[in-house]
Number of protein chains: 2
Amino acid sequence: MRSVRDALDLLGGKWKLAIIVSLLEGPKRFKQLQRDVTGITAKMLSKELKELEVNGLLSRSVQADVAPVAVTYTLAPYGDTLLPVIDALHHWGSQHRMNIMHPQEAVAAKTEVSEPVAA
Amino acid sequence: MRSVRDALDLLGGKWKLAIIVSLLEGPKRFKQLQRDVTGITAKMLSKELKELEVNGLLSRSVQADVAPVAVTYTLAPYGDTLLPVIDALHHWGSQHRMNIMHPQEAVAAKTEVSEPVAA
DNA sequence: CTGTATCCATGGAGATACTG
DNA sequence: CAGTATCTCCATGGATACAG
(Lines give C-alpha, C1' and ligand atoms only; values in the text may rest on other atoms or scores of the structure.)
Protein backbone atom coordinates (compact mmCIF):
# COMPACT_ATOMS: atom_id res chain seq x y z
CA MET A 1 0.00 0.00 0.00
CA ARG A 2 2.83 2.39 0.67
CA SER A 3 4.23 1.97 -2.79
CA VAL A 4 0.80 2.61 -4.20
CA ARG A 5 0.55 5.83 -2.25
CA ASP A 6 3.99 6.89 -3.41
CA ALA A 7 3.01 6.45 -7.01
CA LEU A 8 -0.30 8.17 -6.47
CA ASP A 9 1.22 11.10 -4.68
CA LEU A 10 3.55 11.62 -7.57
CA LEU A 11 1.08 11.13 -10.38
CA GLY A 12 -2.14 12.04 -8.66
CA GLY A 13 -2.00 15.75 -9.22
CA LYS A 14 -4.04 17.50 -11.80
CA TRP A 15 -1.22 18.01 -14.27
CA LYS A 16 1.66 15.63 -13.77
CA LEU A 17 0.43 12.86 -15.99
CA ALA A 18 -0.51 15.30 -18.71
CA ILE A 19 2.97 16.76 -18.64
CA ILE A 20 4.58 13.35 -18.75
CA VAL A 21 2.37 12.19 -21.57
CA SER A 22 3.24 15.32 -23.48
CA LEU A 23 6.93 14.74 -22.92
CA LEU A 24 6.63 11.19 -24.16
CA GLU A 25 6.55 12.76 -27.61
CA GLY A 26 9.97 14.21 -27.05
CA PRO A 27 11.74 17.11 -25.33
CA LYS A 28 9.80 20.31 -25.08
CA ARG A 29 10.32 23.84 -23.95
CA PHE A 30 8.38 25.64 -21.27
CA LYS A 31 6.02 27.55 -23.52
CA GLN A 32 5.50 24.52 -25.67
CA LEU A 33 4.41 22.51 -22.67
CA GLN A 34 2.10 25.24 -21.54
CA ARG A 35 0.38 25.10 -24.91
CA ASP A 36 0.23 21.33 -24.86
CA VAL A 37 -1.14 20.93 -21.39
CA THR A 38 -4.41 22.73 -21.83
CA GLY A 39 -5.37 25.03 -19.03
CA ILE A 40 -2.22 24.97 -16.98
CA THR A 41 -0.80 28.25 -15.75
CA ALA A 42 2.88 29.14 -15.72
CA LYS A 43 2.94 28.92 -11.97
CA MET A 44 1.55 25.43 -11.91
CA LEU A 45 3.67 24.23 -14.79
CA SER A 46 6.76 25.55 -13.09
CA LYS A 47 5.87 23.90 -9.82
CA GLU A 48 4.97 20.58 -11.37
CA LEU A 49 8.10 20.50 -13.49
CA LYS A 50 10.18 21.11 -10.40
CA GLU A 51 8.59 18.22 -8.60
CA LEU A 52 8.97 15.91 -11.54
CA GLU A 53 12.61 16.88 -11.81
CA VAL A 54 13.25 16.26 -8.14
CA ASN A 55 11.71 12.86 -8.56
CA GLY A 56 14.05 12.14 -11.40
CA LEU A 57 11.40 11.76 -14.03
CA LEU A 58 12.67 14.50 -16.24
CA SER A 59 15.74 16.64 -16.72
CA ARG A 60 15.97 20.34 -17.28
CA SER A 61 18.63 21.85 -19.51
CA VAL A 62 19.27 25.52 -20.00
CA GLN A 63 20.76 27.01 -23.12
CA ALA A 64 21.93 30.41 -22.01
CA ASP A 65 23.80 31.44 -25.13
CA VAL A 66 20.73 32.29 -27.14
CA ALA A 67 18.84 35.56 -27.14
CA PRO A 68 15.95 34.77 -24.79
CA VAL A 69 17.26 31.91 -22.71
CA ALA A 70 15.96 28.54 -23.84
CA VAL A 71 15.01 25.82 -21.39
CA THR A 72 14.29 22.30 -22.49
CA TYR A 73 12.60 19.59 -20.50
CA THR A 74 13.36 16.01 -21.36
CA LEU A 75 11.71 12.94 -19.99
CA ALA A 76 14.27 10.78 -18.26
CA PRO A 77 14.69 7.31 -19.74
CA TYR A 78 13.22 6.19 -16.49
CA GLY A 79 10.09 8.14 -17.29
CA ASP A 80 9.23 5.48 -19.83
CA THR A 81 8.77 3.01 -17.04
CA LEU A 82 5.55 4.84 -16.37
CA LEU A 83 4.03 3.52 -19.55
CA PRO A 84 2.55 0.42 -17.90
CA VAL A 85 0.97 2.60 -15.26
CA ILE A 86 -0.42 5.04 -17.79
CA ASP A 87 -1.66 2.16 -19.83
CA ALA A 88 -3.38 0.51 -16.89
CA LEU A 89 -5.04 3.78 -15.94
CA HIS A 90 -6.06 4.40 -19.51
CA HIS A 91 -7.44 0.94 -19.98
CA TRP A 92 -9.40 0.92 -16.77
CA GLY A 93 -10.56 4.50 -17.27
CA SER A 94 -12.17 3.76 -20.60
CA GLN A 95 -13.69 0.56 -19.27
CA HIS A 96 -15.06 2.45 -16.33
CA ARG A 97 -16.69 5.04 -18.50
CA MET A 98 -18.57 2.25 -20.20
CA ASN A 99 -19.61 0.68 -16.94
CA ILE A 100 -21.07 3.93 -15.70
CA MET A 101 -22.82 4.85 -18.91
CA HIS A 102 -23.91 1.42 -20.16
CA PRO A 103 -23.71 -1.00 -17.25
CA GLN A 104 -25.67 -3.78 -18.92
CA GLU A 105 -23.47 -3.92 -21.99
CA ALA A 106 -20.26 -3.65 -20.10
CA VAL A 107 -20.79 -6.29 -17.47
CA ALA A 108 -23.51 -8.30 -19.18
CA ALA A 109 -21.22 -11.28 -19.40
CA LYS A 110 -20.36 -11.51 -15.75
CA THR A 111 -23.42 -10.45 -13.79
CA GLU A 112 -26.86 -11.95 -13.67
CA VAL A 113 -29.26 -9.56 -15.29
CA SER A 114 -32.69 -9.90 -13.73
CA GLU A 115 -34.36 -9.01 -16.99
CA PRO A 116 -32.77 -8.87 -20.39
CA VAL A 117 -32.68 -5.40 -21.82
CA ALA A 118 -35.65 -5.03 -24.14
CA ALA A 119 -34.08 -2.93 -26.87
CA MET B 1 -5.65 11.13 -21.82
CA ARG B 2 -9.26 11.60 -20.86
CA SER B 3 -9.61 8.04 -19.69
CA VAL B 4 -6.47 8.44 -17.67
CA ARG B 5 -7.91 11.48 -15.97
CA ASP B 6 -11.15 9.66 -15.27
CA ALA B 7 -9.31 6.90 -13.54
CA LEU B 8 -7.12 9.32 -11.66
CA ASP B 9 -10.02 11.43 -10.52
CA LEU B 10 -11.66 8.38 -9.10
CA LEU B 11 -8.63 6.82 -7.48
CA GLY B 12 -6.45 9.83 -6.93
CA GLY B 13 -7.86 10.91 -3.62
CA LYS B 14 -6.12 10.30 -0.38
CA TRP B 15 -8.29 7.42 0.73
CA LYS B 16 -10.08 5.72 -2.12
CA LEU B 17 -7.41 3.21 -2.94
CA ALA B 18 -6.87 2.37 0.69
CA ILE B 19 -10.56 1.69 1.10
CA ILE B 20 -10.68 -0.45 -2.00
CA VAL B 21 -7.62 -2.40 -0.99
CA SER B 22 -9.14 -2.97 2.40
CA LEU B 23 -12.36 -4.19 0.84
CA LEU B 24 -10.45 -6.59 -1.36
CA GLU B 25 -10.17 -8.72 1.77
CA GLY B 26 -13.92 -9.00 1.93
CA PRO B 27 -17.01 -7.04 3.02
CA LYS B 28 -16.55 -4.73 5.93
CA ARG B 29 -18.61 -2.52 8.11
CA PHE B 30 -18.18 1.19 8.61
CA LYS B 31 -16.32 1.09 11.87
CA GLN B 32 -14.18 -1.75 10.65
CA LEU B 33 -13.13 0.28 7.65
CA GLN B 34 -12.36 3.26 9.79
CA ARG B 35 -10.01 1.11 11.83
CA ASP B 36 -8.41 -0.37 8.73
CA VAL B 37 -7.83 2.83 6.88
CA THR B 38 -5.51 4.53 9.31
CA GLY B 39 -6.18 8.16 9.93
CA ILE B 40 -9.43 8.56 8.10
CA THR B 41 -12.25 10.40 9.83
CA ALA B 42 -15.87 9.35 9.78
CA LYS B 43 -16.73 12.28 7.58
CA MET B 44 -14.15 11.43 4.98
CA LEU B 45 -14.93 7.74 5.07
CA SER B 46 -18.59 8.47 4.59
CA LYS B 47 -17.91 10.79 1.71
CA GLU B 48 -15.48 8.48 -0.02
CA LEU B 49 -17.75 5.50 0.35
CA LYS B 50 -20.56 7.46 -1.21
CA GLU B 51 -18.44 8.36 -4.20
CA LEU B 52 -17.23 4.83 -4.64
CA GLU B 53 -20.79 3.60 -4.48
CA VAL B 54 -21.96 6.11 -7.07
CA ASN B 55 -19.19 4.92 -9.31
CA GLY B 56 -20.36 1.38 -8.90
CA LEU B 57 -17.23 0.10 -7.28
CA LEU B 58 -18.93 -1.05 -4.13
CA SER B 59 -22.36 -1.74 -2.78
CA ARG B 60 -23.86 -0.74 0.52
CA SER B 61 -26.29 -2.98 2.35
CA VAL B 62 -28.18 -2.11 5.50
CA GLN B 63 -29.35 -4.64 8.02
CA ALA B 64 -31.96 -2.76 9.97
CA ASP B 65 -33.33 -5.63 12.04
CA VAL B 66 -30.44 -5.72 14.47
CA ALA B 67 -29.98 -3.64 17.57
CA PRO B 68 -27.65 -0.89 16.34
CA VAL B 69 -28.19 -0.92 12.61
CA ALA B 70 -25.46 -2.74 10.70
CA VAL B 71 -24.17 -1.46 7.40
CA THR B 72 -21.92 -3.54 5.22
CA TYR B 73 -19.83 -2.38 2.32
CA THR B 74 -18.94 -4.87 -0.33
CA LEU B 75 -16.62 -4.41 -3.23
CA ALA B 76 -18.49 -4.89 -6.46
CA PRO B 77 -17.23 -7.70 -8.67
CA TYR B 78 -16.26 -4.91 -10.98
CA GLY B 79 -13.98 -3.57 -8.28
CA ASP B 80 -11.65 -6.45 -8.96
CA THR B 81 -10.94 -5.02 -12.36
CA LEU B 82 -8.88 -2.47 -10.50
CA LEU B 83 -6.31 -5.04 -9.61
CA PRO B 84 -4.17 -4.43 -12.70
CA VAL B 85 -4.18 -0.73 -11.93
CA ILE B 86 -3.30 -1.26 -8.30
CA ASP B 87 -0.64 -3.67 -9.34
CA ALA B 88 0.88 -1.28 -11.85
CA LEU B 89 0.91 1.51 -9.28
CA HIS B 90 2.38 -0.77 -6.69
CA HIS B 91 5.03 -2.08 -8.99
CA TRP B 92 6.07 1.31 -10.23
CA GLY B 93 5.87 2.83 -6.77
CA SER B 94 8.32 0.39 -5.29
CA GLN B 95 10.63 0.73 -8.28
CA HIS B 96 10.47 4.46 -7.95
CA ARG B 97 11.43 4.37 -4.33
CA MET B 98 14.55 2.50 -5.33
CA ASN B 99 15.36 4.91 -8.09
CA ILE B 100 15.19 7.83 -5.73
CA MET B 101 17.14 6.21 -2.94
CA HIS B 102 19.64 4.13 -4.89
CA PRO B 103 19.73 5.41 -8.47
CA GLN B 104 22.87 3.55 -9.48
CA GLU B 105 21.60 0.15 -8.45
CA ALA B 106 18.19 0.60 -9.92
CA VAL B 107 19.09 1.78 -13.38
CA ALA B 108 22.62 0.44 -13.58
CA ALA B 109 21.66 -1.91 -16.35
CA LYS B 110 20.17 0.63 -18.69
CA THR B 111 22.17 3.80 -18.29
CA GLU B 112 25.82 4.44 -18.97
CA VAL B 113 27.52 5.00 -15.67
CA SER B 114 30.50 7.30 -16.12
CA GLU B 115 32.31 5.54 -13.33
CA PRO B 116 31.44 2.19 -11.85
CA VAL B 117 30.32 2.42 -8.29
CA ALA B 118 33.29 1.57 -6.13
CA ALA B 119 31.54 -0.31 -3.38
C1' DC C 1 11.09 33.30 -23.27
C1' DT C 2 11.17 31.45 -18.62
C1' DG C 3 9.91 31.89 -14.86
C1' DT C 4 8.78 34.17 -9.71
C1' DA C 5 5.98 36.92 -6.34
C1' DT C 6 1.72 38.32 -4.63
C1' DC C 7 -3.06 38.39 -3.88
C1' DC C 8 -7.09 35.95 -3.35
C1' DA C 9 -11.07 32.54 -3.96
C1' DT C 10 -12.37 27.93 -3.44
C1' DG C 11 -12.55 23.60 -1.58
C1' DG C 12 -10.42 19.71 0.94
C1' DA C 13 -10.22 17.99 5.15
C1' DG C 14 -9.68 17.82 10.49
C1' DA C 15 -12.13 18.46 15.16
C1' DT C 16 -16.04 18.32 17.50
C1' DA C 17 -20.69 17.75 18.63
C1' DC C 18 -24.83 15.75 17.58
C1' DT C 19 -28.75 12.37 15.55
C1' DG C 20 -31.19 7.95 14.31
C1' DC D 1 -23.02 1.59 15.36
C1' DA D 2 -23.37 4.64 11.41
C1' DG D 3 -23.32 8.50 10.09
C1' DT D 4 -24.44 14.12 9.58
C1' DA D 5 -23.75 19.13 10.68
C1' DT D 6 -20.97 22.88 11.64
C1' DC D 7 -16.91 25.39 12.22
C1' DT D 8 -12.56 26.29 10.95
C1' DC D 9 -7.90 25.95 9.12
C1' DC D 10 -4.98 25.53 5.37
C1' DA D 11 -3.30 23.96 0.85
C1' DT D 12 -4.31 24.18 -4.00
C1' DG D 13 -4.48 26.72 -7.59
C1' DG D 14 -6.12 30.78 -10.61
C1' DA D 15 -5.09 35.82 -12.08
C1' DT D 16 -2.12 39.21 -12.46
C1' DA D 17 2.03 41.74 -12.32
C1' DC D 18 6.73 41.64 -12.35
C1' DA D 19 11.91 40.04 -13.21
C1' DG D 20 16.12 37.92 -15.44
Side-chain angles (χ1 to χ4, degrees), chain A residues 1 5-23 25-55 57-75, chain B residues 1 4-20 22-23 25-55 57-75:
Chain A
M1 190 64 224
R5 277 246 52 78
D6 282 356
L8 232 44
D9 286 346
L10 195 67
L11 308 175
K14 203 172 169 183
W15 306 111
K16 303 246 174 55
L17 246 308
I19 294 171
I20 289 167
V21 168
S22 172
L23 282 180
E25 295 172 9
K28 305 242 173 108
R29 296 180 47 181
F30 191 86
K31 200 72 176 189
Q32 224 176 333
L33 278 170
Q34 197 176 356
R35 272 191 299 265
D36 272 30
V37 182
T38 325
I40 198 170
T41 61
K43 188 177 86 172
M44 277 303 110
L45 182 53
S46 175
K47 205 189 79 181
E48 304 284 72
L49 286 171
K50 230 172 259 173
E51 291 181 28
L52 291 173
E53 193 189 358
V54 166
N55 283 282
L57 262 74
L58 58 79
S59 60
R60 177 179 184 274
S61 69
V62 185
Q63 182 146 14
D65 58 335
V66 291
V69 63
V71 179
T72 306
Y73 294 90
T74 308
L75 200 62
Chain B
M1 190 65 222
V4 178
R5 277 246 53 79
D6 282 357
L8 231 43
D9 287 346
L10 195 69
L11 308 174
K14 202 171 168 184
W15 306 112
K16 303 246 174 55
L17 248 306
I19 293 172
I20 289 167
S22 172
L23 281 180
E25 295 173 9
K28 305 240 174 111
R29 297 178 49 180
F30 191 87
K31 200 71 176 190
Q32 223 175 334
L33 279 169
Q34 197 175 357
R35 272 190 299 267
D36 272 30
V37 182
T38 326
I40 198 170
T41 61
K43 188 177 86 173
M44 277 302 108
L45 182 54
S46 176
K47 205 189 78 181
E48 304 283 73
L49 286 171
K50 230 172 260 174
E51 291 182 26
L52 291 173
E53 193 189 359
V54 166
N55 282 282
L57 262 74
L58 58 79
S59 61
R60 177 179 183 275
S61 70
V62 185
Q63 181 146 14
D65 58 334
V66 292
V69 63
V71 179
T72 306
Y73 293 91
T74 308
L75 200 62

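By convention in this document, chain letters (A, B, ...) are assigned in the order of the sequence lines, proteins followed by strands, and residues within each chain are numbered from 1.
Atom CG in B:Leu45 sits 4.0 Å away from atom CZ in B:Phe30 (nearest 0.5 Å). Note that OH of B:Tyr73 is 5.0 Å distant from CG of B:Leu49, once rounded to the nearest 0.5 Å.
The separation between B:Gln32 atom CD and D:dG3 atom P is 13 Å, rounded to whole Å. When the P atom of D:dT12 is taken as reference, atom NZ of A:Lys14 falls 13 Å away, rounded to whole Å. Taking atom CH2 of B:Trp15 as the reference point, atom P of C:dG12 lies 15 Å away to the nearest angstrom. What separates CD1 of A:Ile40 from C1' of D:dA15 is a distance of 15 Å, to the nearest Å. If you measure from atom CD of A:Glu51 to atom P of D:dT12, you get 8 Å, rounded to the nearest angstrom. Residue B:Lys28 contributes atom NZ, which lies 17 Å from atom C1' of D:dA2 at whole-angstrom precision.
Under 3.5 Å, the side chain of A:Lys43 and the base of D:dG14 form at least one donor-acceptor pair of N or O atoms.
Taking for each of A:Lys50 and A:Pro68 the nucleotide of DNA chain C with the nearest heavy atom, the 5'-most of the two is the partner of A:Pro68.
One finds a side-chain N or O of B:Arg29 lying less than 4.0 angstrom from the OP1 or OP2 phosphate oxygen of D:dA2. In this model, the phosphate group of C:dC1 is not approached by any side-chain N or O of A:Tyr73 to a distance below 4.0 Å at OP1 or OP2. In this structure, B:Ser46 reaches the D:dT4 phosphate: one of its side-chain N or O atoms is under 4.0 Å from OP1 or OP2. Taking side-chain N and O atoms only, A:Lys47 has a distance below 4.0 Å to OP1 or OP2 of D:dG13.
There is no side-chain donor-acceptor pair under 3.5 Å between A:Thr72 and A:Lys28.
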Would you please test A:Lys16 and A:Glu48 for salt bridge (charged side-chain N to carboxylate O under 4.0 Å, His left out) and show each step? CA-CA 6 Å; A:Lys16 303 246 174 55; A:Glu48 304 284 72; 3.5 Å; yes
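Distance from the side chain of A:Phe30 is smallest to C:dG3 among D:dG3, C:dG3, D:dG13. Between D:dG13, C:dT2, D:dG3, one nucleotide has an atom nearer to the side chain of A:Arg60 than all others, and that is C:dT2.
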